[in-house]
> 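Attaching a single structure in structure tokens format; questions to follow.
Just so it is clear, the values below take in all heavy atoms, side chains as well, and ignore hydrogens, waters and symmetry mates. Below, read A as the first sequence line, B as the second, and so on, with proteins coming before strands; counting in each chain starts at 1.
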Protein chains: 2
Amino acid sequence: MRSDGDSDTMNDRKSGGMSERRQQRMRLEISRAAARLFWEHGVAATSGEQIANAVGISVRTLWRYFRNKESCAEPVLARDVEECVAVLRRWPREVSLEDHLVEWATNRPKNPDQQSYDDAVIKMTVLAEKEPDIRVAWLMTHDRIEREMAEIIADRLHRPSEDIEVRLHAATATAALRVISEDVSAALMAGADLASIGNSIKHMADAVRVATGGAVGDPVDP
Amino acid sequence: MRSDGDSDTMNDRKSGGMSERRQQRMRLEISRAAARLFWEHGVAATSGEQIANAVGISVRTLWRYFRNKESCAEPVLARDVEECVAVLRRWPREVSLEDHLVEWATNRPKNPDQQSYDDAVIKMTVLAEKEPDIRVAWLMTHDRIEREMAEIIADRLHRPSEDIEVRLHAATATAALRVISEDVSAALMAGADLASIGNSIKHMADAVRVATGGAVGDPVDP
DNA sequence: GGATAGATGTCACTTAGTGTCAAATTGGCA
DNA sequence: TGCCAATTTGACACTAAGTGACATCTATCC
């Protein structure tokens, strides 16, 4: 039963199973409910039973979707960075990082559901500063991101993803994105306006370029 | 039980209390036992009771020293990087990172106990690649290191440690050190000789310099 | 030696998380 | 449409992680 972290390798299902899509949607729904409870009552004071009840599933099923309580927060925590990585995956070789990220930020949908979602993301990110269990989920999420980042960078630099330089770039770039995420979330939580966000896109791109010694961020040869 | 006749009796404490020193030594002893068990039987197959028995303490006491099973691995995992950070703390402003690290590596004691210890560190670091629970401990350890690193860098650059640039440098530098640690451990595990380690000191310094855009690594003004 | 304070052990207890199996649900196919 | 096969879910029992409370021990200070 697909423990939650691993990538989806097998897709060949004959009949009966649940679609990958639906699994993800389920995980997300659970995660949002868990995030709300974590935020309102704290992690320790939120039981697996409460989360399960909030979603309307049995406790046993909850533990089939998530290997433990903390990791219930991961899908929500991952959303922003995950989206960012998806954007990075289709980053054209001939475009700079700034331009590509700005293009993403401007084309992003902004419906109310999206917004209440972003709210949950920010809350979890801020919570990750204080609550050790959420911190763990936050770090584990970025650990996964780092691996994806290695593939993206490897592809961009025409090197294997196990190359030590590639792994270094991936680690430092991901770390930079994480710190800025934390910073932006804290600022938004404190009531900053959206104007500063536009700036942080450029900040992110710059930070990645600095963190990778200029190896990642600029257009590269096809 | 613990007939601890040796001399850490007169450290700073009012009455009855255990010295900080001794607490740390206890945590370390537990951690080494836990590391051995984790390595031999895996984390899941190692119970808190087994760890407690191996050390000769009650299970209740074990949970007084560590908040959960995974974190029993932290002191061992932290040792190398912790030592590295201690070295960084006394990094003279007028010396380059390479020179300072090399000085450390050459002056390090090499008694048999130290060596069997290093062995445990390597095993845990390698284990952290596969076992999610140890991975968590590894990442949490580096999260703590990152905060210490921020203070060191802040001091070196004459900036507050909450400064976003300082935090970025701390995060990327720590990430770089972590990746190289993983790489070196894997190499040693695969039977590499010590010659390559000497190289990796320079590699570390270079990586930190690159990761921080040159802000950290060179001598700076007093 | 006695008072004091923190460390440890014991025991009872809560709850996170798993194994197992029967019932329900899903999607493919005739 | 309705049956089939794989899979998901729920229910229940169970293991083990982790905590609270309290008595006991041990070291230090007077």
> Which letters describe nucleotides 10-16 of chain C, given B = protein heavy atom under 4.0 Å from base, S = only from sugar-phosphate, - = neither?
B-----S

> Does Tyr65(A) place a side-chain N or O at less than 4.0 Å from the phosphate oxygens OP1/OP2 of dT8(D)?
no

> To the nearest Å, give me how far apart CG (Asn53(A)) and P (dA11(D)) are.
11 Å

> Is it the case that the side chain of Ser71(B) and the backbone of Glu74(B) share a donor-acceptor pair, with hydrogens and angles ignored and the cut-off at 3.5 Å?
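Side chain of Ser71(B) to backbone of Glu74(B), a donor-acceptor pair under 3.5 Å: no, none is there.
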
> Out of Glu131(A), Glu129(A), Glu182(A), Glu70(A), which one pairs with Trp138(A) under the side chain to side chain donor-acceptor pair (under 3.5 Å) rule?
Glu182(A)

> How far apart are the C-alpha atoms of Lys123(B) and Met189(B), what are their side-chain angles, what is the distance that settles it, and do they pass the side chain to side chain contact (heavy atoms under 4.5 Å, CB included) test?
CA-CA 8 Å; Lys123(B) 280 179 178 168; Met189(B) 201 66 202; 4.2 Å; yes

> For a quick test of reading the model, state the closest non-hydrogen atom pair linking Ile145(A) to Glu82(A) and the distance between them.
CD1-N, 3.9 Å

> I need the CD1-C1' distance between Ile57(B) and dC25(D), as an integer number of Å.
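Result: 16 Å.
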
> Whole angstrom is fine here: how far is it from CZ in Arg21(B) over to C1' in dA27(D)?
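Whole-Å distance recorded here is 19 Å.
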
> Tell me every residue that passes side chain to side chain donor-acceptor pair (under 3.5 Å) with Arg36(A), counting only those two or more places apart in sequence or in another chain.
none

> Is a side-chain N or O of Arg93(A) found less than 3.5 angstrom from the main chain of Arg156(A), in a donor-acceptor match?
yes

> Starting at atom CZ of Arg25(B), determine the distance to atom P of dA7(C), rounded to an integer number of angstrom.
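To the nearest whole Å, that distance equals 15 Å.
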
> Taking atom C1' of dA16(D) as reference, at what distance in whole Å does atom NE2 of His41(B) sit?
17 Å

> Starting at CG of Leu62(B) and ending at P of dG9(C), how long is that distance when rounded to a whole Å?
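That distance rounds to 11 Å.
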
> With respect to the phosphate group of dA16(D), does any side-chain polar atom (N or O) of Gln50(B) fall under 4.0 Å of OP1 or OP2?
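No, outside the criterion.
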
